[in-house]
Enquirer: 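Can you read through this structure? Questions will come right after.
The first residue of the sequence shown is numbered 1, and numbering continues consecutively from there. Values below: every heavy atom of this structure, side chains too, minus hydrogens, waters and symmetry copies. The shown structure was predicted, so the numbers you read here are calculated from the model rather than taken from an experiment.
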Amino acid sequence: MKNAGTPQRAAAADQGPAAHQVAPGQHADGRTRHAVARLLLERGPITAAAVAEELGVSPTAVRRHLDVLLAEGEAYTRDASARGRRGRGRPAKLFLLTEVGRARFGHAYDDLAVAALRFIAETDGEQAVRSFAERRMAALVANHREALAASGSPAERAEVLANALTREGYAASTRRVGSGEQLCQHHCPVAHVAADFPQLCEAETAAFAEVLGTHVQRLATIANGDAVCTTHVPLARSECGESSAVTDPKTAGPVPKDRQETAPIPDGGEPV
């Protein structure tokens with residue numbers, strides 16, 4: 001038995017107040033496309049004709065929405081099996097959602113990660129969580145060590161590190177602030193998990209110090225409610241001609257010492 005109308009009601013409920021801020025045609029298009037995607041999620045693999053019949057929408061309109069989902073990487077197709085095919089015509093195309101398409105309906109990955117780390121902490125202690133965080137960061141930077149080692153100054157290494165982090169999904173950049181560089185991460189894929197387990201941020205800070213070859217100071221994190229993860233990278237006095245000053249990204253003023261999370265210079269050095 002068909003539960004006709006379910007995808008439409010779910011799509012309308014998912015739109016929220018923001019739906020009133022778009023043009024009526026755009027709103028209707030978005031609602032229908034969401035309903036098409038939901039049907040692919042719940043009934044896929046499914047043909048375009050079956051989607052049209054289920055939603056009560058014209059096949060032409062359904063194909064237009066499917067084409068958009070395909071173009072945006074949210075859906076893909078495969079040929080229907082020969083079994084049960086009628087006639088000698090071309091096999092029907094079956095539509096399915098990709099992982100990108102499934103993401104529009106949400107995941108529980110963060111909840112799963114938090115539960116897993118909480119279990120590790122309760123079973124093996126906080127040090128086990130810290131070891132996990134350190135191993136994760138070591139694996140993340142491993143593929144970029146050669147490029148980092150080939151860079152000369154801390155400023156150059158900071159830029160290479162920002163590019164490496166961007167390739168890993170952190171949308172990172174650098175900027176010169178006073179006598180240092182600020183490494184800014186505009187996105188954090190694990191922010192919600194790090195909010196419960198700051199060991200992830202601490203391991204990240206330590207890894208930055210290790211690969212940059214200088215101590216660094218973490219000024220802000222998305223996990224702590226800031227807009228950007230900001231890390232200060234002091235430059236050598238010979239490069240800047242002055243001592244390093246740490247700048248608050250929010251106020252542009254100096255950051256008090258008690259607010260600075262510092263990772264020491266590798267190999268036993270001391271912060272300047």
Side-chain angles (χ1 to χ4, degrees), residues 13-14 16-18 41 98-145 158 161-174 181-212 214-233 246-251 255-266 271:
D14 287 342
L41 176 73
T98 64
E99 283 301 310
V100 174
R102 290 175 182 275
R104 72 158 60 210
F105 299 99
H107 289 301
Y109 295 154
D110 286 351
D111 292 341
L112 178 62
V114 169
L117 288 177
R118 187 167 292 127
F119 176 80
I120 291 174
E122 292 172 354
T123 304
D124 299 316
E126 294 296 328
Q127 183 55 43
V129 176
R130 188 173 305 279
S131 296
F132 166 81
E134 292 170 352
R135 180 174 295 187
R136 174 183 173 273
M137 280 308 302
L140 188 145
V141 301
N143 295 331
H144 310 288
R145 284 188 177 278
L161 178 58
N163 291 334
L165 289 170
T166 295
R167 289 194 291 274
E168 299 292 344
Y170 287 81
S173 63
T174 61
E181 290 283 324
Q182 283 193 350
L183 176 64
C184 302
Q185 296 156 254
H186 303 275
H187 176 65
C188 177
V190 297
H192 291 97
V193 182
D196 286 334
F197 292 94
Q199 296 95 325
L200 295 175
C201 295
E202 294 164 7
E204 186 176 271
T205 305
F208 289 173
E210 192 266 324
V211 298
L212 294 174
T214 182
H215 79 282
V216 300
Q217 295 160 319
R218 178 59 61 87
L219 309 181
T221 63
I222 295 172
N224 198 40
D226 299 296
V228 180
C229 293
T230 309
T231 305
H232 180 71
V233 183
V246 182
T247 303
D248 188 326
K250 294 181 179 178
T251 66
V255 176
K257 289 289 185 182
D258 60 356
R259 284 182 51 207
Q260 298 175 12
E261 176 192 324
T262 303
I265 298 173

Enquirer: How about Val211 and Arg145: do any of their side-chain heavy atoms sit closer than 4.5 Å?
Expert: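 The answer is yes; the side chains approach within 4.5 Å.
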Enquirer: Using the test salt bridge (charged side-chain N to carboxylate O under 4.0 Å, His left out), find all partners of Arg135 that sit at least two apart in sequence or belong to another chain.
Expert: none
Enquirer: First locate atom OG1 of Thr174, then atom CD of Glu181, and finally report the distance between them rounded to the nearest 0.5 Å.
Expert: 5.0 Å
Enquirer: Tell me which pairs pass side-chain hydrogen bond (donor to acceptor under 3.5 Å, both in side chains) where either residue lies in residues 186-201, with sequence neighbours left out.
Expert: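 Applying side-chain hydrogen bond (donor to acceptor under 3.5 Å, both in side chains) to every pair that reaches into residues 186-201, excluding sequence neighbours, yields Asp110-His192, Glu126-Gln199, Ser173-His186.
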Enquirer: Where is the tightest heavy-atom contact between Ala191 and Ala223, given as atom of each residue plus distance?
Expert: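 Taking every non-hydrogen atom into account, O-CB, 3.6 Å.
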Enquirer: For Arg104, which residues count as a side-chain hydrogen bond (donor to acceptor under 3.5 Å, both in side chains) partner, sequence neighbours excluded?
Expert: His34, Glu74
Enquirer: Run the side-chain contact (heavy atoms from CB on, under 4.5 Å) test against Ala207 and tell me which residues pass, sequence neighbours left out.
Expert: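 By the side-chain contact (heavy atoms from CB on, under 4.5 Å) rule, Ala207 matches Met137.
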Enquirer: For Leu41, which residues count as a side-chain contact (heavy atoms from CB on, under 4.5 Å) partner, sequence neighbours excluded?
Expert: Leu97, Arg102, Phe105
Enquirer: With sequence neighbours excluded, what pairs up with Arg136 under the side-chain hydrogen bond (donor to acceptor under 3.5 Å, both in side chains) test?
Expert: Tyr170
Enquirer: So which heavy atom on Phe132 is nearest to which on Leu117, and how close?
Expert: CD2-CD2, 3.6 Å
Enquirer: Would you name the heavy atoms of Glu99 and Tyr109 that are closest together and state the gap between them?
Expert: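 Minimum heavy-atom contact is OE1-OH, 3.9 Å.
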Enquirer: I'd like to check the side-chain hydrogen bond (donor to acceptor under 3.5 Å, both in side chains) partners of Glu204; sequence neighbours left out, ordered by chain and number.
Expert: Gln185, Arg218
Enquirer: Restricting to non-hydrogen atoms, name the atom on Ile222 and the atom on Ala227 that form the minimum distance, rounded to 0.1 Å.
Expert: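 Closest approach of Ile222 to Ala227, heavy atoms only: CG1-O, 3.8 Å.
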Enquirer: Please check if the side chain of Thr166 supplies one atom and the backbone of Ala172 the other of a donor-acceptor pair under 3.5 Å.
Expert: yes
Enquirer: Got a sec, which residues hit side-chain contact (heavy atoms from CB on, under 4.5 Å) with Ala113, two or more places apart in sequence or on another chain?
Expert: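 Counting only residues at least two positions away or on another chain, Ala113 forms a side-chain contact (heavy atoms from CB on, under 4.5 Å) with Val193.
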Enquirer: Say you draw a straight line from CG of Leu165 to SG of Cys188; how long is it, rounded to the nearest 0.5 Å?
Expert: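 Spacing of CG (Leu165) from SG (Cys188) equals 10.5 Å.
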Enquirer: Are the side chains of Leu183 and Val216 in touch, meaning some heavy atoms are under 4.5 Å apart?
Expert: no
Enquirer: Taking Cys229 as the fixed residue, which of Asn224, Thr221, Thr205 is the one that meets the side-chain contact (heavy atoms from CB on, under 4.5 Å) rule?
Expert: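 One option only clears the test, and that one is Thr221.
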Enquirer: Can you list everything that forms a side-chain contact (heavy atoms from CB on, under 4.5 Å) with Ala128? Sequence neighbours excluded, please.
Expert: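 Per chain and number, Ala128 pairs via side-chain contact (heavy atoms from CB on, under 4.5 Å) with Ile120, Asp124.
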